[in-house]
Amino acid sequence: MKYDIIVIGSGPGGYIAAIRASQLGKKVAIIEKYKTLGGTCTNVGCIPSKALLDSSHHYYDAIHHFDTHGISIETPKIDFSKMVERKANIVETTTVGIKYLMDKNNIDVFEGLGSFVDATHVKITKDDGTAETIEGTNIIIATGSKPATLPFINLDKERIITSTEALKLKEVPKHLIVIGGGVIGLELGSVYKRLGAEVTVVEYAPKITPTMDADVSKELQKVLKKQGMKFAISHGVTSVERNGDEVLVKATDKKGREVEFTGDYCLVAVGRKPFTEGLGLENAGVQLNERNQVEVNDHLQTSVSNIYAIGDVVKGAMLAHKAEEEGVVVAEYLAGQKPHIDYNLIPGVVYTWPEVAAVGKTEEELKEAGVNYKAGKFSMRALGRSRASGDIDGFVKVLADTTTDEILGVHIVGARAADLIMEAAVAMEYRASAEDLARICHGHPTYSEAIKEAAKAAWDGKPLNA
Ligand code: FAD
Ligand code: NAD
């Protein structure tokens, strides 16, 4: 069978690329080695983690916040297996939805491991060993990523686990030790903290979420600490050992002292690595870079001109929406269009509560680049909306160019930051100034008023409600 485009991998990068290519008149095949479509994001990433975050949030609210709203209930109990089952159902509905989209767009779905025979032929090998080969004028590699680990850790996937296992535990840990204070560590750490576990985050860098704006990391650590999460910052883990149902984690603190943590589960969340095993890249001549990512140029074209690569398997942020944008861009490019991605405007979100969201540059990046900027900050607690809901932690910070007033970065810690950040992304896409945002009428009372106020603080230094 011959196709215009073969997509290998059905995560958000792959399946969106397939849909867009089909919309543009291409004959498309997609290959997925797992039984369900949707990749990491749908099966063991974004969707199941958010389902558990939402369920655990309700539980936490019921225990800690209902009373302040004048609602008294008997002490709520967790049916953890039901919570996990609900999550599994949400995942299933979503994967079935993706299959529906493939059918609707006349995309041929092949189940099996895709591997290059040469630059235009891909062999698909099923679990039972049977195989078939299809031909593609263009091929898009969208094989995603897998959890990274540390060389001395033996991931037994029972007590010493990655995010994949943490999404389907049979019990709430008593003490979860999380290695890595990045996005996964803090999101899944939050889930189990809210459900009653003791949670200790051991982070190598001097702050959690090391790549985010320093103010944001500080505020986030403060609020998570208030929720009972413990942090061992600037601690380099040196060993992780399991003894029966116990896990012992040893680390060295910044003064060189050895510190021990004993728990019943250890979540290793130290990043993810590109996945290309079994893909047979050598048969097609596709090259990897020094970080084992598929090497691509600005058009996401690999070292072989008819083969493209997108998403977690190439450089850049490992985010579902980044993979999706790249999928659209490659499909449109192959259809003769001139698409474009502004990588500076890909928002980043952490689904703790309060949520964290950012777009554009951090203060540290602006300083490093020698850009003259001004910062306007507005505290969530000054908002009527926040007081009404009780979500008073956090702030919005707007960074703008000192001379032109153009918005260069927006950083939010606060309720619904994940959704709020898009106002900033739209403004920045249109190269708005802080004054532009400050002069836009925002609904009252809304959390979004904090963006207007922070923008006004950046523009003229005079927020109205502070
Ligand atoms: P993937 O989603 O990894 O999909 C790749 C697919 O390719 C997989 O299904 C794999 O089986 C298949 N494949 C690989 N090799 C082959 C082969 N040879 N043949 C056939 N098929 C193959 N990102 C966000 O933006 N927001 C979030 O809230 C978020 N939450 C996350 C939570 C967790 C716990 C994790 C682990 C990740 C999360 N991410 C989130 C990151 C997000 O999941 C990834 O950035 C995204 O899935 C990358 O998409 P992708 O299409 O590049 O690859
Ligand atoms: P991450 O890069 O966000 O965090 C890894 C953390 O581990 C870093 O803080 C790092 O300093 C720390 N670390 C590394 N080595 C260590 C060591 N030896 N000891 C202690 N700490 C160590 O990676 P992650 O949290 O594993 O997530 C992987 C990817 O998945 C990320 O790129 C992220 O973008 C994506 N993801 C996104 C979301 C979201 O968008 N909400 C959610 C989950 C995952």
Side-chain angles (χ1 to χ4, degrees), residues 7-17 30-50 52-53 110-116 122-125 141-153 162-164 166-167 178-188 201-212 217 232-238 249 251-252 267-281 309-314 316-324 326-327 346-352 355-357 418:
V7 183
I8 309 178
S10 72
Y15 89 78
I16 289 292
I30 191 164
I31 307 170
E32 172 55 57
K33 68 186 168 79
Y34 287 139
K35 302 248 171 291
T36 53
L37 301 179
T40 304
C41 177
T42 312
N43 292 281
V44 290
C46 327
I47 303 301
S49 59
K50 266 80 258 178
L52 289 182
L53 276 157
F110 291 87
E111 188 187 309
L113 180 80
S115 60
F116 284 98
V122 182
K123 183 163 113 180
I124 304 148
T125 310
I141 301 168
T143 50
S145 63
K146 282 274 178 281
T149 182
L150 300 171
F152 51 83
I153 294 181
T162 70
S163 55
T164 304
L167 291 166
V178 179
I179 304 179
V183 200
I184 292 184
L186 298 179
E187 288 187 359
L188 294 178
V201 176
V202 186
E203 167 59 52
Y204 178 76
K207 64 187 184 82
I208 58 168
T209 56
T211 54
M212 297 197 100
S217 302
I233 301 303
S234 298
H235 279 59
V237 173
T238 51
V249 175
T252 310
L267 167 62
V268 181
V270 295
R272 293 179 62 84
K273 53 179 185 191
F275 184 75
T276 53
E277 269 166 50
L279 197 50
L281 289 178
I310 57 174
D312 280 11
V313 81
V314 302
M318 287 181 157
L319 295 171
H321 42 285
K322 178 259 194 187
E324 290 183 12
E326 290 183 336
I346 293 174
V349 174
V350 191
Y351 291 83
T352 46
E355 292 173 340
V356 176

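Just so you know, these numbers come straight off a predicted model, no measurement behind them. Start at 1 and go down the list; that is how both ligands and their atoms are numbered.
When only interatomic distances are considered, the shortest N/O to N/O separation between Tyr351 and ligand 2 does not fall below 3.5 Å. Distances between N or O atoms of Val350 and those of ligand 2 include no value under 3.5 Å. Looking at Glu187 next to ligand 2, an N or O pair under 3.5 Å apart turns up. The distance criterion of under 3.5 Å between nitrogen or oxygen atoms is not met by Thr209 with respect to ligand 2. Note: no N/O pair closer than 3.5 Å links Leu150 and ligand 2 by distance alone.
Scanning the protein heavy atoms around atom 25 (O) of ligand 2, the nearest turns out to be Ile184 N, 2.8 Å. Atom 35 (C) of ligand 2 has its closest protein heavy atom at Met318 O, 3.3 Å. The nearest protein atom to atom 23 (O) of ligand 2, hydrogens excluded, is given as Gly271 CA, 3.3 Å; this is a heavy-atom distance.
Near Val202, meaning under 4.0 Å from one of its heavy atoms, ligand 2 places the atoms 20 (C), 21 (N). For ligand 1, the atoms lying closer than 4.0 Å to a non-hydrogen atom of Gly13 are 51 (O).
In this structure, Ala317 does not count as a contact residue of ligand 2, since none of its heavy atoms falls inside 4.0 Å of the ligand. The closest approach between a heavy atom of Thr164 and any atom of ligand 1 is not below 4.0 Å. Taking a 4.0 Å cut-off on heavy atoms, Tyr351 registers as neighbouring ligand 1.
Using a 4.0 Å cut-off between heavy atoms, Ala320 contacts ligand 1 through both its backbone and its side chain. Proximity of Ser163 to ligand 1, defined as any heavy-atom pair under 4.0 Å, is confined to the side chain (atoms from C-beta onward). Heavy atoms of Val349 found under 4.0 angstrom from ligand 1: none, in either backbone or side chain. Contacts of Val349 with ligand 2, taken as heavy-atom pairs under 4.0 Å, involve the backbone alone. Using a 4.0 Å cut-off between heavy atoms, Cys41 contacts ligand 1 through both its backbone and its side chain.
Around the CZ atom of Phe275, the shell of radius 6.0 Å holds more than 12 heavy atoms that belong to other residues, nucleotides or ligands.
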